Amino acid sequence: MKYNPQEIEKKWQKYWQENNFYQAEDFSKKPKLYILIEFPYPSGVGLHVGHCRSYSAMDAIVRKKRMEGFNVLYPIGWDAFGLPTENYAIKTGIHPQVATEKNVATFKRQLKSLGLSFDWDREINTTDPKYYKWTQWIFLQLLKKDLAYQAEIPVNWCPSCKIGLANEEVIDNKCERCGAKVEQKILKQWMFKITKYADRLIDDLDKVDFWEKIRAQQINWIGRSYGTNIDFKLENSEDKISVFTTRTDTLFGVTAMVLAPEHPLVEKLTTKENEKQVKKYIQESKEKTEFERTELEKEKTGVFTGSYCLNPVNQEKIPVWVGDYVVGTYGGGAVMVVPAHDKRDYDFAKKYGLEIKEVISGGDISKQAFVDYGKLVNSEEFNGLSSEQAIEKITQWLKKQGLGKKTVQYKLRDWIFSRQHYWGEPIPIIHCKSCGVVPVPEKDLPVELPFVEKYQPTDTGESPLARISEWVNVKCPKCGGEAKRETDTMPNWAGSNWYFMRYIDPKNDKALVDKKKLKYWMPVDWYNGGMEHTTLHLLYSRFIYKFLYDIKICPSPEPYQKRTSHGMVLAEDGRKMSKSFDNVINPDEIVKTYGADTLRIYEMFMGPFDQAIAWNPKGVKGVFRFLEKFWRLILECKQNEKSSSEIIRAAHQLNRKIDRDLEKMKFNTSIAAFMEFVNFASLNKEKLGRDVIERALKMLAPFAPHMTEELWHELGFKDSIHKQAWPKHDSKIVQEKMFTLIIQINGRVRDKIEVEVNLSEKKAKEIALSREKIKKWIGDKEIQKIIFVPQRLINIVI
RNA sequence: GCCGAAGUGGCGGAACUGGUUUACGCGUAGGUCUCAAAAACCUAUGAGAGCAAUCUCAUGUGGGUUCAACUCCCACCUUCGGCACCA
């Protein structure tokens, strides 16, 4: 019988589906395990082999855990709102909803052809009104708690497409779609106060088990720094400029003040003589986008306002400048310039001839800024202190004078939640002329996205929804007067913020999710996804979950107990797979040629799971050979009664290896060990008996679910291999009787010999010294020391 | 610049807690089978020297610790990923 994956895979997939194999059971007495993969965006190009990598790898873990007796929840759904589908609709005229349905069907067919053990009964779709009803509901809860608000914010605006663009849609300062130069436009946007959660989002990372790099990325993105806010009084006015600094110890070295162009005091501070230049400068920097401002990093520009402020420590006159290298939204939009001890300030001072005053010794400020900590000089009473001491002392002094206090700053900004697009969740808000912002009553949710013919953007920067007057014009729920719906929609993060909760109770129309079920299943025990989602998606969904915890919906402060990431699957040429490079690998082709089991195992075997790796068609073939070899081996040996002790030992060793490696996501070495075992058994076919065959099949089942199911039935079993208990290894059997004793002289291998495991040190010395080769090496030299490492080696030092 | 990770054959990569470097796969060479080829299977395969036994050199570079270093420490180089004028 030949190994024919095409035939057996379809057969077993059907069998598993008909018998509801992989359903998770609410409140089961078995220990629960919630394993989550990032749900895919059903794009028009179909499933990517990268999806397969993470889904099959986690599927192997899931299958093994089920065999070990866990009640596993391994769900799947569709993150279907978003730009690619909307752009496709604009281009082709096919409605996003229609396109989404079609794409979901394709993805579903493809995923099912891989034999992944998802619980399909819990399938969700973010574009389903029954689902986004609750996305909207969460928005209303945030609004209720004052965590959602509206603000005027500049957005990236494409004058040709007439649409607000997300940062991801701006490439090289041009519109991704049409290539027109992007401008800044002020629009009123919905915002979430995620900054209120900044500390908890950092500190609670201690409660979970995230990979170090993921943890670091979260911390980096939030960007917390401790420092001092210092007030600089103005020379000729009661106003003061408040600046944030982490280097209070350099306060005596301040030789200028730079304000961001947006700073509210700029206009007031600009003197008549300087008005022209300042206005010109501000106008120019307004025309620059965020991109240009950061792009011109090397060259710092600025202009003098004509005014001065006073250094609080010594009343020195400090010129006030405007410069667009100062970020308006951070630290009050002002910077105290200490050229001697900050690189950027040094550049700025050099360019405009500002004084460079050394106040921390240890460097050579005639050459470059000295940014390390050191001893204070030129700082009056604080001279001689270390930087650490001076930061404390000067801050205390400022506090006494009422001119400064300790504070914390974050890079994290509030989250812009509005998009001027059609294909997203409508924001459940009504704007009433007399009542103002009125939330849609919860009983009226969902606010359904109207099915329209035209989703082309408008001239005004409004969402395409603004054109649908019968949808927009409504009665105010409060006063019954004329009112209009909010026409912006939510970003694609909205649906993916909380989807893992909905899997727990996907059909509930009374609540977001039943609390008892939530308590049973949460938190997610293990969440695996792409590295590209370890900052924003992770942060946003943790924020939303924390909020829901605060309003007593969620049972725990963190949603994900463990977070891991997979590396990208690149094309054969090492580039990203892309239609334009014509290097895309279609999983359908691989399944058709070699079968799903080969594809699954290849993607686990190709390299370390967390690293990006290029596709290799030859490698796929190698895996197929392995499976064929295994197939033949089992069929040839199934009549053998008993296995030899070496084969049994090898099987138990493999068992241990898989147990260890799978937990650490070392799929590649698990498979390699399996290959080794099969190679060994193939050379000792007569010694491979029924007992080991059954064990081997069970061990391969999580990796090659179809083939092992077929062979299991071939052995005469009537039930499924996936319902069997995972085999345990016996540490006594694992233990080898013999080992290779390495004999070294001065740390270099000179001889080897097979000996018994429990060889004593004395015996080992005797053996080693009696060997001819060793005698020759030692000659008449004196033996200084002999080191014996049990079960490994003996080293003779001469 | 900051944070995170990595550097081992022709290639992807193994190596537990410091103890045989190169597992497994690919590729290559030779062989078996065949009229022939493909497929499959078997054998060999880090580099250099030697008829051979065997020896020398090899884990980015330079030092160090140790009986022993891919592994630990110090300095440097390179590559990748993330953040980035965040004061």
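Chain naming here is simple, since letters A, B, ... match the order of the sequence lines and numbering starts at 1 in each. Just so it is clear, the values below take in all heavy atoms, side chains as well, and ignore hydrogens, waters and symmetry mates. If you're wondering where the values come from, they're calculated on a predicted model, not measured in any experiment.
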**OP:** Classify the angle between the aromatic ring planes of A:Trp321 and A:Phe304 as parallel (below 30°), tilted (30 to 60°) or perpendicular (above 60°).
**Re:** tilted
**OP:** Tell me the partner of B:A5, counting only Watson-Crick (N1-N3 plus N6-O4 or O6-N4) or G-U wobble (N1-O2 and O6-N3) with both under 3.5 Å; none if nothing fits.
**Re:** B:U79
Original post:
Just checking A:Arg660: base, sugar-phosphate only, or nothing, at a heavy-atom cut-off of under 4.0 Å?
Top reply: nothing
Original post:
Atom NZ of A:Lys773 and atom P of B:A53: how far apart are they, to the nearest Å?
Top reply: 11 Å
**OP:** Would you confirm whether the ring centroid of A:Trp615 sits within less than 6.0 angstrom of the ring centroid of A:Tyr602?
**Re:** yes
Original post:
Rounded to the nearest Å, what distance is computed from the CZ atom of residue A:Phe680 to the P atom of nucleotide B:C42?
Top reply: 15 Å
**OP:** Starting from P on B:C26, measure out to CG on A:Asn668 and report it in whole angstrom.
**Re:** 15 Å
Original post:
Rounded to whole angstroms, how far apart are CD on A:Glu772 and C1' on B:A53?
Top reply: 14 Å
Original post:
Quick one: which of B:C16, B:G1, B:C67 gets closest to the side chain of A:Lys343?
Top reply: B:G1
Original post:
Rounding to the closest angstrom, what is the interatomic distance between B:U22 and B:A47 at atom P?
Top reply: 14 Å
Original post:
How is A:Gly607 classified with respect to the nucleic acid when contacts are heavy atoms under 4.0 Å: base, sugar-phosphate, or nothing?
Top reply: nothing
**OP:** Using the six-membered ring wherever Trp is involved, compare the ring planes of A:His533 and A:His537 and label them parallel, tilted or perpendicular (cut-offs 30° and 60°).
**Re:** perpendicular
Subject >> Which residue lies more 5' along RNA chain B, comparing A:Asn795 with A:Asp661 via nearest heavy atoms >> reply: A:Asp661
**OP:** Give one of base, sugar-phosphate or nothing for A:Arg632, where a contact means two heavy atoms less than 4.0 Å apart.
**Re:** sugar-phosphate
Subject >> A:Tyr325 side chain, from C-beta outward: closest of B:A23, B:C85, B:C83 >> reply: B:C85
**OP:** Choose from B:U20, B:C24, B:C57 the nucleotide whose nearest atom is closest to any side-chain atom of A:Glu676.
**Re:** B:C24
Original post:
If the P atom of B:G82 is compared with that of B:U71, how far apart are they to the nearest Å?
Top reply: 29 Å
Subject >> Minimum-distance nucleotide to A:Pro608 side chain [options: B:A87, B:C16, B:G13] >> reply: B:G13
Subject >> Most 5' of A:Lys621 and A:Thr740 on RNA chain B, judged by nearest nucleotide >> reply: A:Thr740
Original post:
How should the glycosidic conformation of B:G31 be described, syn or anti, under the criterion that syn lies within 90° of 0?
Top reply: anti
Subject >> Residue-phosphate contact under 4.0 Å: A:Arg750 side-chain N/O, B:A68 OP1/OP2 >> reply: no
**OP:** Taking the six-membered ring for Trp and the single ring otherwise, decide whether the centroids of A:Tyr330 and A:Tyr410 are under 6.0 Å apart.
**Re:** no
Original post:
Which nucleotide in the set B:C24, B:C85, B:G13 lies at the smallest distance from any side-chain heavy atom of A:Gln611?
Top reply: B:G13
Original post:
Do A:Lys763 and A:Glu766 meet the salt-bridge criterion of a basic N to acidic O distance under 4.0 Å?
Top reply: no
Original post:
What distance, rounded to whole Å, do you find between the two P atoms, one in B:C73 and one in B:U65?
Top reply: 16 Å
Subject >> Pairing partner (Watson-Crick or G-U wobble, both distances under 3.5 angstrom) of B:U71 >> reply: none
Original post:
Counting only side-chain N and O atoms of A:Arg625, is one of them less than 4.0 Å from OP1 or OP2 of B:C24?
Top reply: no
Subject >> Proximity to the side chain of A:Tyr330 - top-ranked nucleotide from B:G25, B:A87, B:U21 >> reply: B:A87
Original post:
Between B:C67, B:C24, B:A14, which one does the side chain of A:Met675 approach most closely?
Top reply: B:C24
Original post:
Taking only side-chain nitrogens and oxygens of A:Asn616, does any of them come within less than 4.0 Å of OP1 or OP2 of B:G27?
Top reply: no
**OP:** Establish whether the base of B:C83 is bridged to the side chain of A:Asn220 by a donor-acceptor pair shorter than 3.5 Å.
**Re:** no
**OP:** Can you figure out which of B:G25, B:C85, B:C26 approaches the side chain of A:Lys618 most closely?
**Re:** B:C26
Subject >> Between B:A5 (P) and A:Met568 (CE): distance, integer Å >> reply: 19 Å
Original post:
Looking across every strand, which nucleic acid part, if any, lies under 4.0 Å from A:Ile613 by heavy atom: base, sugar-phosphate, or nothing?
Top reply: sugar-phosphate
Subject >> Proximity of A:Tyr325 and A:Phe348 rings by center, below 6.0 Å >> reply: yes
**OP:** Using a heavy-atom cut-off of under 4.0 Å over every strand shown, decide if A:Gln784 touches base, sugar-phosphate, or nothing.
**Re:** nothing
**OP:** Grab the CE-C1' distance between A:Met606 and B:C11 for me, whole Å please.
**Re:** 14 Å
Original post:
Could you give the CE-to-P distance, from A:Met531 to B:C83, as a whole number of Å?
Top reply: 10 Å
Original post:
Out of B:U56, B:G4, B:G19, which has the shortest distance to the side chain of A:Trp777?
Top reply: B:U56
Original post:
Are a donor atom and an acceptor atom from the side chains of A:Thr564 and A:Tyr527 found within less than 3.5 Å of each other?
Top reply: no
**OP:** Pick the P atom in B:A23 and in B:G12, then give their distance to the nearest Å.
**Re:** 15 Å
**OP:** Using only side-chain N and O atoms of A:Lys666, determine if any of them is under 4.0 Å from OP1 or OP2 of B:A15.
**Re:** yes
**OP:** Scan side-chain atoms only and decide if A:Ser225 and A:Gln409 contain a donor-acceptor pair under the 3.5 Å cut-off.
**Re:** no
Original post:
Of the nucleotides B:C85, B:A87, B:C67, which has the atom closest to the A:Val797 side chain?
Top reply: B:C67
**OP:** Provide the distance between the two P atoms, one in B:G30 and one in B:G7, to the nearest whole Å.
**Re:** 35 Å
Original post:
Below 4.0 angstrom, N of the basic side chain to O of the carboxylate: do A:Lys765 and A:Glu761 qualify?
Top reply: yes
Subject >> Span that lies between the P atom of B:C70 and that of B:U17, in whole angstrom >> reply: 16 Å
**OP:** Under 4.0 Å between any heavy atoms, over every strand shown, what does A:Asp345 touch: base, sugar-phosphate, or nothing? Just pick one.
**Re:** nothing
Original post:
For A:Lys629 and B:C24, what is the distance between atoms NZ and P respectively, to the nearest whole Å?
Top reply: 10 Å
**OP:** Would you mind pulling out the nucleotide paired to B:C55, Watson-Crick or G-U wobble, both distances under 3.5 Å?
**Re:** B:G48
Subject >> Interatomic distance at C1', B:G64 relative to B:A14, whole Å >> reply: 28 Å
Original post:
Under a 3.5 Å cut-off for both distances, is B:C35 Watson-Crick or wobble paired, and to whom?
Top reply: none
**OP:** Give a yes/no answer on whether the side chain of A:Ser225 brings an N or O atom under 4.0 Å of OP1 or OP2 in B:A87.
**Re:** yes
Original post:
So, does the side chain of A:Lys785 form a donor-acceptor pair with the base of B:C67 at under 3.5 Å?
Top reply: no
Original post:
Base, sugar-phosphate, or nothing: which does A:Thr534 touch, judged by heavy atoms less than 4.0 Å apart?
Top reply: nothing
**OP:** Check each of A:Glu736, A:His729, A:Glu676 against A:Gln653 using the side-chain hydrogen bond (donor to acceptor under 3.5 Å, both in side chains) test, and report the only one that passes.
**Re:** A:Glu736
Subject >> Distance between C1' atoms of B:A69 and B:G63 (Å, rounded) >> reply: 14 Å
